[in-house]
Amino acid sequence: MDPFLTQAKKRSAHSMNWEKEHHWKKFKACKEDEWEEEESSIEEEFSHPLPWQKIEAEGLDCDYALLFSKDEADRLFNELEEEVEYFTGEKAQIRVFGKHYSVPRKQATYGDPGLMYSFSGVHLLARPWTPTLDYIRDAVTKATGRTFNFVLVNRYKDGSDHIGEHRDDEKELDPGFPIASVSLGAARDFVFRHREARGRKPRRHIDPVKLELAPGSLLLMNQPTNTYWYHSLPARKRVLTPRINLTFRCIVSQAQQQELRPSQ
DNA sequence: ACAGTCTCATTTGA
DNA sequence: TTCAAATGAGACTG
């Protein structure tokens, strides 16, 4: 019998195991003694400030909180399963190192009319907001004070679906905005790696930052996180159920990009 | 031994 | 000019 599983919370048990196994410093998304209190306060309303947890490292600045109760996260997940239409065919393909691949997940984009988001040779036009996506966007606005105009939906059908290391450093992203990541469905591990700690001969040794993204959680990636840190959602074969991730962004038009560009 | 995980190489075109 | 939202190979590990 795994001694960790006798703990009250399986989730924190998993955290401790993982840290022990890999000898890596791992951020604990929820401290055991704070967990019960958080869950019950979230249950009511987010009219009062959320219990944010700061995640910090050199050049990394994130905030993590539980935005939705377990029940509401469940409800929202089911609604999105009905509402969201994912891309198929060539819109579900990207180009990496000159080769085409189908993405190992499903993707959709929603937002204000006309907004477009591009990466790795794929160009995705925003569909109009659905009721549930608009509701979640509203909850994110109340929690952050920012109104996002676009969301990228990633659906991971099970632990074999994943996303590789990358940065969200596209030109069209407003640098003044954080990226707000909402998780629903299965909990999944999430990993940050510093750009100077990658490759054959890393210039520096910087520990990765790992966390588990719980259903109903909100992760804010603030500047300059996406300049220095790559992130990924690695495959986890033991995960058998789907996860939906919503990354809210602020996209600026071509004209606005001109304005933001340092003039000479 | 084996299955899951991790790290590195890839080398074209945006 | 830089460097990659992908996979696959080889190493590690419990």
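Just the heavy atoms: all of them, side chains too, but no hydrogens, waters or symmetry mates, feed the values below. Just so it is clear: chains get the letters A, B, ... in the order the sequence lines come, proteins before strands, and each one is counted from 1.
In this structure, A/D169 places its CG atom 17 Å from P of B/dA14, rounding to the nearest Å. The distance from atom OH of A/Y228 to atom P of C/dC3 is 14 Å, rounded to the nearest whole Å. In this structure, the CZ atom of A/R236 is 14 Å from the C1' atom of B/dA3, given to the nearest Å. Atoms CG (A/D189) and P (B/dG4) sit 15 Å apart, rounded to a whole Å. What separates CZ of A/R95 from P of C/dT7 is a distance of 16 Å, to the nearest Å. For the pair A/R198 CZ and C/dT2 C1', the interatomic distance rounds to 13 Å; values are reported in whole Å. The distance from atom CD1 of A/I94 to atom P of C/dC3 is 18 Å, rounded to the nearest whole Å. Here B/dC6 presents its P atom at 14 Å from CG of A/D207, a figure rounded to the nearest Å.
Ring centers of A/Y117 and A/F150: under 6.0 Å apart, within the cut-off.
Counting non-hydrogen atoms under 4.0 angstrom, A/G164 reaches the backbone sugars and phosphates but no base. Among the atoms of the strands shown, only primed sugar atoms or phosphate atoms (P, OP1, OP2) are found under 4.0 Å from some heavy atom of A/R193. Note on A/Q93: nothing from the nucleic acid sits closer than 4.0 angstrom, heavy atoms only. Among the heavy atoms of the strands, none lies under 4.0 Å from A/N154. No engagement by A/K99 is indicated, since no non-hydrogen atom pair under 4.0 Å with the nucleic acid exists. When heavy atoms are screened at a 4.0 angstrom cut-off, A/E165 is found touching the sugar-phosphate backbone but no base atom. Counting any heavy atom pair closer than 4.0 Å across all strands shown, A/Y230 reaches sugar-phosphate atoms only and no base atom. When heavy atoms are screened at a 4.0 angstrom cut-off, A/H231 is found touching no nucleic acid atom at all.
In the hydrophobic cluster analysis, where Ile, Leu, Val, Met, Phe, Trp and Tyr join through side-chain heavy atoms closer than 4.5 angstrom, A/L133 is grouped together with A/F177.
Note on residues 194-227 of chain A: pairs passing ring-ring contact (aromatic ring centres under 6.0 Å, His included), not counting sequence neighbours, are A/H194-A/W229.
Counting only N and O atoms by type, the side chains of A/D158 and A/S160 include a donor and acceptor under 3.5 Å apart. In this model, no donor atom of one side chain and acceptor atom of the other lie less than 3.5 Å apart for A/N154 and A/T247.
Of all nucleotides listed (B/dC6, C/dT7, B/dT11), C/dT7 comes nearest to the side chain of A/H162. Of the candidate nucleotides B/dT5, C/dA6, B/dA14, C/dA6 has the atom lying nearest to any side-chain atom of A/P104.
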Original post:
Given the rule that a pair is Watson-Crick or G-U wobble with both distances under 3.5 Å, how would you write DNA chain C in dot-bracket, using | for pairs to a different strand?
Top reply: .|||.|||||||||

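Using a 4.5 Å heavy-atom cutoff, the side chains of A/V182 and A/N245 are not in contact.
Within 6.0 Å of CZ in A/R167 there are more than 12 heavy atoms belonging to other residues, nucleotides or ligands.
Residue order along DNA chain B, read from the 5' end via each residue's closest nucleotide, puts A/Y101 first among A/Y101 and A/H123.
The side chain of A/K210 places an N or O atom within less than 4.0 Å of a non-bridging phosphate oxygen (OP1 or OP2) of B/dC6.
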Enumerate donor-acceptor pairs with a distance under 3.5 Å from any side-chain N or O in residues 78-94 of chain A to protein atoms, sequence neighbours excluded.
{"unit_1": "A/N78", "atom_1": "ND2", "unit_2": "A/D74", "atom_2": "O", "d": "3.2"}
{"unit_1": "A/E79", "atom_1": "OE1", "unit_2": "A/T132", "atom_2": "OG1", "d": "2.8"}
{"unit_1": "A/E79", "atom_1": "OE2", "unit_2": "A/R75", "atom_2": "NH1", "d": "2.8"}
{"unit_1": "A/E81", "atom_1": "OE1", "unit_2": "A/R155", "atom_2": "NE", "d": "3.0"}
{"unit_1": "A/E81", "atom_1": "OE2", "unit_2": "A/R155", "atom_2": "NE", "d": "3.4"}
{"unit_1": "A/E81", "atom_1": "OE2", "unit_2": "A/R155", "atom_2": "NH2", "d": "2.9"}
{"unit_1": "A/E83", "atom_1": "OE1", "unit_2": "A/T130", "atom_2": "OG1", "d": "2.6"}
{"unit_1": "A/E83", "atom_1": "OE1", "unit_2": "A/T132", "atom_2": "N", "d": "3.2"}
{"unit_1": "A/E83", "atom_1": "OE1", "unit_2": "A/T132", "atom_2": "OG1", "d": "3.2"}
{"unit_1": "A/E83", "atom_1": "OE2", "unit_2": "A/T132", "atom_2": "OG1", "d": "2.7"}
{"unit_1": "A/K91", "atom_1": "NZ", "unit_2": "A/H123", "atom_2": "O", "d": "2.8"}
{"unit_1": "A/Q93", "atom_1": "NE2", "unit_2": "A/S102", "atom_2": "OG", "d": "3.0"}

